[in-house]
There are 2 protein chains.
Amino acid sequence: MRAMIVEAVSPLFYARGFTAVGMDELRAVTGVSLKRLYRLFPSKEDIIEEVLHSWRDTWEANLRAQVESTQVPRERLLAVFDFLAGWFTSEGFRGCAFINSFGELGGISGRIPAIVRAQKKEFQEYLACVATGIGAPETLAPQLAILAEGALTTAAIAGSAESAHQARAAAEVLIDAALAPAASTLAASRAP
Amino acid sequence: MRAMIVEAVSPLFYARGFTAVGMDELRAVTGVSLKRLYRLFPSKEDIIEEVLHSWRDTWEANLRAQVESTQVPRERLLAVFDFLAGWFTSEGFRGCAFINSFGELGGISGRIPAIVRAQKKEFQEYLACVATGIGAPETLAPQLAILAEGALTTAAIAGSAESAHQARAAAEVLIDAALAPAASTLAASRAP
DNA sequence: AAGGACAGAGAACGGTCGTTCTCTCGGTGG
DNA sequence: CCACCGAGAGAACGACCGTTCTCTGTCCTT
């Protein structure tokens, strides 16, 4: 029941933000009376938390599915950006729900920003896991995470998906540089 | 007068968001009566617009100052990330005001998201200007812009400034790869 | 078949928001 | 000196929010 409610209200929250959607609209879209909503969730903030957790789960599942669709180590890292490209072009894309939530509620409240932080941390750790699995130095994963985050906000604000391809191209350069120790010695030989 | 009001309310808006700060608080912090506020600005949204424009101006001025503090071409591009590092560690840093505004008001209204979009576009164009000034291919600037955006949101949410250094390191790799055609032929020779 | 616990629907409540109105006062031209 | 215009301060207004309460009907139990 709770899951059905979360599923029904998620698109509304994603499209317009948490504060812009009132409880009455939640009642209308779920078909569940206010009384019942308040018995299932102590307050609106609890619904928001559950929605954020649901977003985290589906996002992570989709990402993992794309990454694990290939076994070629280098492709696994690049699959992150292919996943982003597909997402950006999907209908109704309006940026990362977590970043948007942080902008909306980051200045107040305490629980929502913590959830956002946790999600981003999980993403970074997953990326680090994939990167170390192919023998890359541990400096690579944070750089790729930054690229992904940048592509995400750029796509959301500009309303264009090309940032995913640009980020993918940059990721290829970073991965190749990290995996080819010859390149670093080359760069070092130029310095002095 | 308008400028003094904008200057007085900006920190409040940045720290807590636009919707979380009411007109009464603006009256208190400026010392200007509501009647006068409403004669100077037709509505709260007009104040917000002016605040956004003011942020854009000072942000751009600070960025340009840092970039133009050096004449070494490669350093000019890296100066962008040094600027970010300094900003992230400044007191009260709470992410990019434009990204936060987009998250807060992107799902509604029309004028604020347009201002955010315009600011990001200006930044990208400035970066492109600096990049082409040193003979880099035009693919480089968007990649650096994505890195900068990513470092920004990562720093805001994680509450740590290290993403600036990670992004700077990645930018070095991207710049060197873009400026050294030998590196690209090396990568190409490995592909087939 | 009757009584009671419970659920549905929405009105009501207290609070807050952006915006406007009213009242009062001070400064000024004749 | 006085009438008047305009500005300051904040109360008032209407709308809307999240939350609760009331009223009504229904189903289950004995």
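Order of the sequence lines sets the chain letters (A, B, ...), proteins ahead of strands, with each chain counted from 1. Here the structure is a predicted model, which means the values were calculated and not measured.
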B/S69: what forms a side chain to side chain contact (heavy atoms under 4.5 Å, CB included) with it, not counting sequence neighbours?
-> none
Applying salt bridge (Lys or Arg N to Asp or Glu O under 4.0 Å) to B/E104 and not counting sequence neighbours gives none
Please collect all ring-ring contact (aromatic ring centres under 6.0 Å, His included) contacts where either partner lies in residues 15-54 of chain B, sequence neighbours excluded, each pair once.
-> B/F13-B/F18, B/F18-B/W55
Which donor-acceptor pairs under 3.5 Å do side chains of residues 158-168 of chain B form with protein atoms, sequence neighbours excluded?
| from | atom 1 | to | atom 2 | distance (Å) |
| --- | --- | --- | --- | --- |
| B/S160 | OG | B/E162 | N | 3.1 |
| B/S163 | OG | B/A151 | O | 3.0 |
| B/R168 | NH1 | B/D82 | OD1 | 2.7 |
| B/R168 | NH1 | B/D82 | OD2 | 2.8 |

Could you list all the salt bridge (Lys or Arg N to Asp or Glu O under 4.0 Å) pairs where at least one residue sits in residues 4-22 of chain B, not counting sequence neighbours?
-> B/R16-B/E25
Rounded to the Å, how far apart are B/R27 CZ and D/dA7 P?
-> 19 Å
Ignoring hydrogens and angles, write down the donor-acceptor pairs under 3.5 Å from the side chains of residues 130-147 of chain B, residues two or more places apart or on other chains.
| from | atom 1 | to | atom 2 | distance (Å) |
| --- | --- | --- | --- | --- |
| B/T132 | OG1 | B/A128 | O | 3.0 |
| B/T132 | OG1 | B/C129 | O | 3.2 |

Pairs in or reaching into residues 146-156 of chain A: which pass salt bridge (Lys or Arg N to Asp or Glu O under 4.0 Å), with residues at least two apart or in two chains?
-> A/K120-A/E149
Nucleotide N/O to protein N/O under 3.5 Å, stretch nucleotides 18-22 of chain D:
| from | atom 1 | to | atom 2 | distance (Å) |
| --- | --- | --- | --- | --- |
| D/dG18 | OP1 | A/K44 | NZ | 2.1 |
| D/dG18 | OP2 | A/M23 | N | 2.8 |
| D/dT19 | OP2 | A/Y38 | OH | 2.6 |
| D/dT19 | OP2 | A/K44 | N | 2.9 |
| D/dT19 | O5' | A/Y38 | OH | 3.2 |

Under the ring-ring contact (aromatic ring centres under 6.0 Å, His included) rule, what pairs show up with a residue in residues 98-155 of chain A, not counting sequence neighbours?
-> A/W59-A/F123
Can you tell me which stems DNA chain D forms, taking runs of 3 or more consecutive Watson-Crick or G-U pairs with both distances under 3.5 Å?
-> C:1-30 with D:1-30
Can you run down the salt bridge (Lys or Arg N to Asp or Glu O under 4.0 Å) pairs that involve residues 63-72 of chain A, sequence neighbours left out, and say none if there aren't any?
-> A/E60-A/R64
Under 3.5 Å between N/O atoms: give me all the protein pairs with nucleotides 13-16 of chain D, atom names plus distance.
none

